[in-house]
Amino acid sequence: MKRIGVFVCHCGTNIAATVDVVKVVEAAKLEPGVVHAAEYPYLCSEAGQNMIIKAVDEFGLTGVVVSACSPRMHETTFRKAAAKAGLNPFMVEISNIREQCSWIHKDSKDGTEKSIILTRAAIAKVHLNEPLHPGESKVTKRALVIGGGIAGIQTALDIAEAGFPVDIVESTPSIGGKMAQLDKTFPTLDCSACILTPKMVDAAAHENITLHTYSEIEKVEGFVGDFTITIRKKARYVDMKNCTGCGLCYEKCPVKKAPSEFEQGLIKRTAIYTPFAQAVPNVPVIDKTQCIKLKTGKCGLCEKVCTPKAIVFDQQDELITEKYGAVIIATGYDQISLEKFGEYSYNSPDVITGLEFERLTNAAGPTGGDLIRLSDKKKPRSVTFIQCIGSRDTSKRGKPYCSKICCMYTAKHAMLIRDKYPQIEVNVFYIDVRTPGKNFDEFYRRSAEEYGVNYIKGQVGKIIDQGEFLTLQSVDMLGGKRMDLQTDLVVLATAIEPVKSVRIIASMLTASIDTNNFMTEAHPKLKPVESPTAGVFLSGVCQGPKDIPETVAQAGATAAKVIGLLVKDKLMTNPCTAESNEKFCNGCSACTKVCPYGAIAYDDGIVHVNKALCQGCGACAVTCPSGAMDLQGFSNRQLMAEVDAICR
Amino acid sequence: MSVGEFKPLVVAFCCNWCSYAGADLAGTSRLQYPAEVKIIKVPCSCRVNPLFVLRAFQKGADGVIICGCHPGDCHYSTGNYYTRRRITLLYSMLDYLGIEKGRTHLEWVSAAEGVKFATVMNKFVEQVYELGENRRLEDWRCKS
Amino acid sequence: MTNMSRDVLHTLSSTSIEKCMSCGRCSASCPVADEMNIMPHQFVALLKRREVEKLMESNTLWKCLSCFACIERCPRGVEPAKIVEASRLAVIRQQGESHISADEIPKYLESESDLPQQLLVSAFRKYRG
Amino acid sequence: MQELMKAKAQEMLSNGSVTRVLAWKKGDFETNPEPAFFTKHVDDMVYNQYCATNLSNFMVGVEKEEGKTLVFLKPCDTFSFNQLLKENRISRDKAYIIGVGCEGVKVIDEMQETGALLEKCNVCTKIKHMVYDELIGEDVTRRVTDDPLTRFKDIEAIEKMDAGERFAFWQGEFSKCIRCNACRNACPPCGCKKCVFDNDNYDTAQKANVTTFEEQMFHIIRAYHVAGRCTDCGECTRVCPQDIPLHLLNRKFIKDINALYGEFQAGADIETLGPLTDFNIDQDAEPSIVYDRG
């Protein structure tokens, strides 16, 4: 039998005014195993804690019950005090007689009676408490960043600067992501490539950063501090070491029919290609769905012209396995498909998306920055932007959220046009213009006031391509009139969504994802860059729509959190974990299916709990029919003892 | 307890992250709810084994209520989704066996819903008062 | 003459005007908005303001083709055409009598007015007391 | 058919392709064949409409034994086999399964035929073998007399009673329980190495029912533990010496699961997640549905 000490706190008058603490002490003394019971005005004070420490020694206590405020308040305090007294901290239980008694019951009799019962329940539980010891697990001092856009690059650079090795896995042939496609950036209008390219080069050159481009995550095992991740490096058919990046191969490639991903399909590219001139690494890849040699065995022109002999047609996918302490998801976004929005005639060459416009206005883009209609190559006389295409849309066609970046990039696009071609008329159909952000509203107002962009509160119902021009059936809500506006070029501010593959990545990492495929953060306010899964962090748009300044700020925050993890040599694990009794385990493995953390593994007839992964929810313990699975700290017996004590 | 004066006993299982915190908030906001409610803290509502519910009734509880985070807000991501299925089936079975429905309840209470916690408890206890003493699911050995 | 409250229209139309975010896509999509003295988006706004009588007196009731483009294109599921339809019903209910009988239908069919049959069917449904 | 089965069993035993045969053998009366293992000769083996026992359950016992077992399974027994397979209680490669046709199992009372088939056979939905290596006589005509949907009619009848009547009904049934554990032993998924009701570590150990509550507790928890795993094989009710209609508990769970989470048949395959180890974020009913149904 344990030797239990019970300590009842007055909390000044917070408890003592309603609860007769002396009565609680007297009642506690009658409970089996209680060898000492006392009250004190402020147990959480140093003197109060010392009183507990002294009593542990004096009465040889093996268990402590503190009847005081909520355990959410001072459980840690009293557990630390117990540890000072040489007791295992988990031999302390709190009964909450302030929040649950004195503060809500006016009647002293009721409050006192309930305090006695709650104290009794805590005593019953302590009888069954076992010393618990947080486990330790090692930390592999290496991070993996999934996604090589600005979010991934910035996170990787910051971690690398702190001295830890980082790998970036990027699915396309080059890092850079969406930002590499942009022309200018709001609200300062500096050139996107000019600020991004140096970062890309830094990342490639950094001694702590390893790039795996044209690669994907194949498999994830392990847990915080100790992930083992397999990366598939897709066959590039070009030897990275030998290639000098001269570009002769794609100049000679006879296939010129593949839509260029980087140019948003506005122009075609060759079968062997680098996505864009500043690509990092500057090593081409062969698109095996296009290459004549790979499809039919003929051609091989690129191989003939390549002097360093870098073309390798029989190259295979390569699997590499590496250990990591932390994983950062930075997979970014895509524009949604406009398939379901037939009324906007997106199939017309003169109706384009925001991202397509970026390429069209970019000096390095397919038209050399010359703004033309793609149908007849003529300069448009007017350009009309339509906001919220598929955003804030609760019908099943679009997305219910605001895509956040469109108001600002539309103001930017409008301004760029008016700046370069003052004769072009620019209209913007908007529902609301949302510009919270430093210098954002000023920027938007400038586009309207200084550049004469015509903002129309209203929407377009339908776009009709009439060859020469487009007719927009629209409404000006402030003017209160229906309009059939004629315009030459339409830019749709298309909603953005997380890249499709993030769902697969999230499930491999057991990180949670919301109904819109955005990664869920551990806490929306207080843990915005951590996922609820320990060791998995979030950076960039995968967590929610955001612009470049926000993304970079978040990337830095994420890096700080990751560094905070990687500097540790060992991690303390939560001691309240599930434990399976091998003797009773049937091996049915139902527990493995309900574990949100993949912490339970079935092996040869029984299951094992990985203590480092287990977070102690207890889903498994209830699923287990034989009761072999139990949760330490909240065991079946402990909880039933509490039930029994309350119902006595 | 004097004869004729029925004072029910209600056991409330509250998850540590939302509902227990909600109860704390009810406390700090000084919102009254009946002293008949005795809270047992569990890490997650999915820790509540049907055995515990039956055990409470067996030992003389007149009502059992389970509180957890709202679906989608579980600290452990998915725990309360399992709770939702398990407890729905359990309560349905208890109903099928003729146990009065008013004696069981489940409510999602977030850490911010102190008012809801108090309201729910007030309502539930009132309901149990109306049903009177639990006779159908009780171990007579343990009652004096 | 009318005590038709917003709630009645609400029930009749079974739409949720609270969802409206005033984007105007309904009016932009409406083929006859030009001819209406109250356009679909204004119709929703007036209902929000409980100015039901204005709606019942507007020519929108007679101009709306019930093509449902506004319903189709509304990103929030507000269904403006249903409100128009409900207003029509409200007007008819007030009048409380039958405006068309089965005997009259052949007359319209044969006339040179080129009335679409679909219109006759829906008119019959609506205006038969 | 019986002769075909015996010949096949003898052949496989003799040529050593299996170590033992799990089948039914002649009992003391013609009407009570019993499950048996044969290792040499199969002369006593029988197969007829009295062979009720679900042999899948006996495969757990020989799982750790050397060699392969030839087992004869009726269509409905294969669901239990799959369920045990899914729960890692048995291995597929240790069994050679011969699926046998079934015309329904006859009800025996006092060792006499009553002329009726088991209730589960009248509403049988499990007509096809879900897992087998070979089939014998699978095309014998089945005698399903009732619409399979009527298998829930008894449950609906109970649901229609008021709470007091329901309580009285079950009290009456449970009070007959002698805690012989036959239901537990006959039930394939209810095969824990150590039952919570036998486990002294669990504080719930109760070897015999002392109170009315313990009768209820045992049966509620037993039904709950097999919810989503029960194939509705009906062995619990069939083996109950006190004639408690235990299947009405399991079937209630099945009915609720089907209604709330979509049709589910345990043992139909070995991949689908069981309804209690799965969830649907948007569509799962709230527990309040129990109260809403009045």
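Convention: sequence-line order gives letters A, B, ...; per-chain numbering from 1.
- Residue A:H105 holds its NE2 atom at 13.0 Å from CZ of B:R30, rounded to the nearest 0.5 Å.
- Contact of A:S635 with chain B is made through the backbone alone, with heavy-atom distances under 4.5 Å.
- Here the NZ-CD1 distance, from A:K125 to B:I40, works out to 9.5 Å after rounding to the nearest 0.5 Å.
- With a threshold of 4.5 angstrom between heavy atoms, B:Y82 approaches chain A through side-chain atoms but not through N, CA, C or O.
- Using a 4.5 Å heavy-atom cutoff, the side chains of A:E642 and B:F13 are not in contact.
- Using a 4.5 Å cut-off between heavy atoms, A:A121 makes no contact with chain B at all.
- A:E99 has its side chain out of reach of B:L25: every pair of non-hydrogen atoms, C-beta onward, lies at least 4.5 Å apart.
- A:N636 and B:R55 form no side-chain donor-acceptor contact under 3.5 Å, judged by distance and modelled atom types alone.
- Between A:F634 and B:K41 the shortest heavy-atom distance is CE2-O, 3.5 Å.
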Could you walk me through whether B:F57 and A:C647 pass side chain to side chain contact (heavy atoms under 4.5 Å, CB included), step by step?
CA-CA 9 Å; B:F57 283 126; A:C647 297; over 6 Å; no
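- Taking A:V594, A:T520, A:L631, A:I646 one by one and counting their heavy-atom pairs under 4.5 Å with chain B, the maximum is reached by A:V594.
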Determine, step by step, whether B:D24 and A:N96 satisfy the side chain to side chain contact (heavy atoms under 4.5 Å, CB included) criterion, reporting the C-alpha distance in whole Å, the side-chain angles of both residues, the deciding distance to 0.1 Å, and the verdict.
-> CA-CA 9 Å; B:D24 273 358; A:N96 183 349; 3.1 Å; yes
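- Distance check: A:M640 CE to B:F52 CZ gives 5.5 Å after rounding to the nearest 0.5 Å.
- Interface check for chain A: of the options B:C74, B:C15, B:A21, the most heavy-atom pairs under 4.5 Å are formed by B:A21.
- The CD1 atom of B:I39 lies 12.0 Å from the OG atom of A:S95; values are rounded to the nearest 0.5 Å.
- Ranked by heavy-atom pairs under 4.5 Å with chain A, the list B:N16, B:T28, B:V11, B:T78 is led by B:T28.
- Summarising the geometry, atom CD belonging to A:Q615 is positioned 9.5 Å from atom OG belonging to B:S77; distances are rounded to the nearest 0.5 Å.
- What you find for B:P43 and A:C617 is that their closest heavy atoms are CG-O, 3.8 Å.
- When all heavy atoms of A:S70 and B:Y20 are compared, the pair lying nearest together is OG-CE2, 3.8 Å.
- With respect to the salt-bridge test (charged N to carboxylate O, under 4.0 angstrom), the residues B:K38 and A:D110 do not qualify.
- Checked by atom type and distance alone, the side chain of A:K114 pairs as donor or acceptor with a backbone atom of B:V37 at under 3.5 Å.
- Considering CG of B:L9 and CD1 of A:I117, their distance stands at 7.0 Å, rounded to 0.5 Å.
- When every heavy atom of A:Y597 is checked against every heavy atom of B:H75, the shortest pair comes out as OH-O, 3.9 Å.
- Taking the side chain as every heavy atom from C-beta outward, B:K59 and A:R648 never approach each other to under 4.5 Å.
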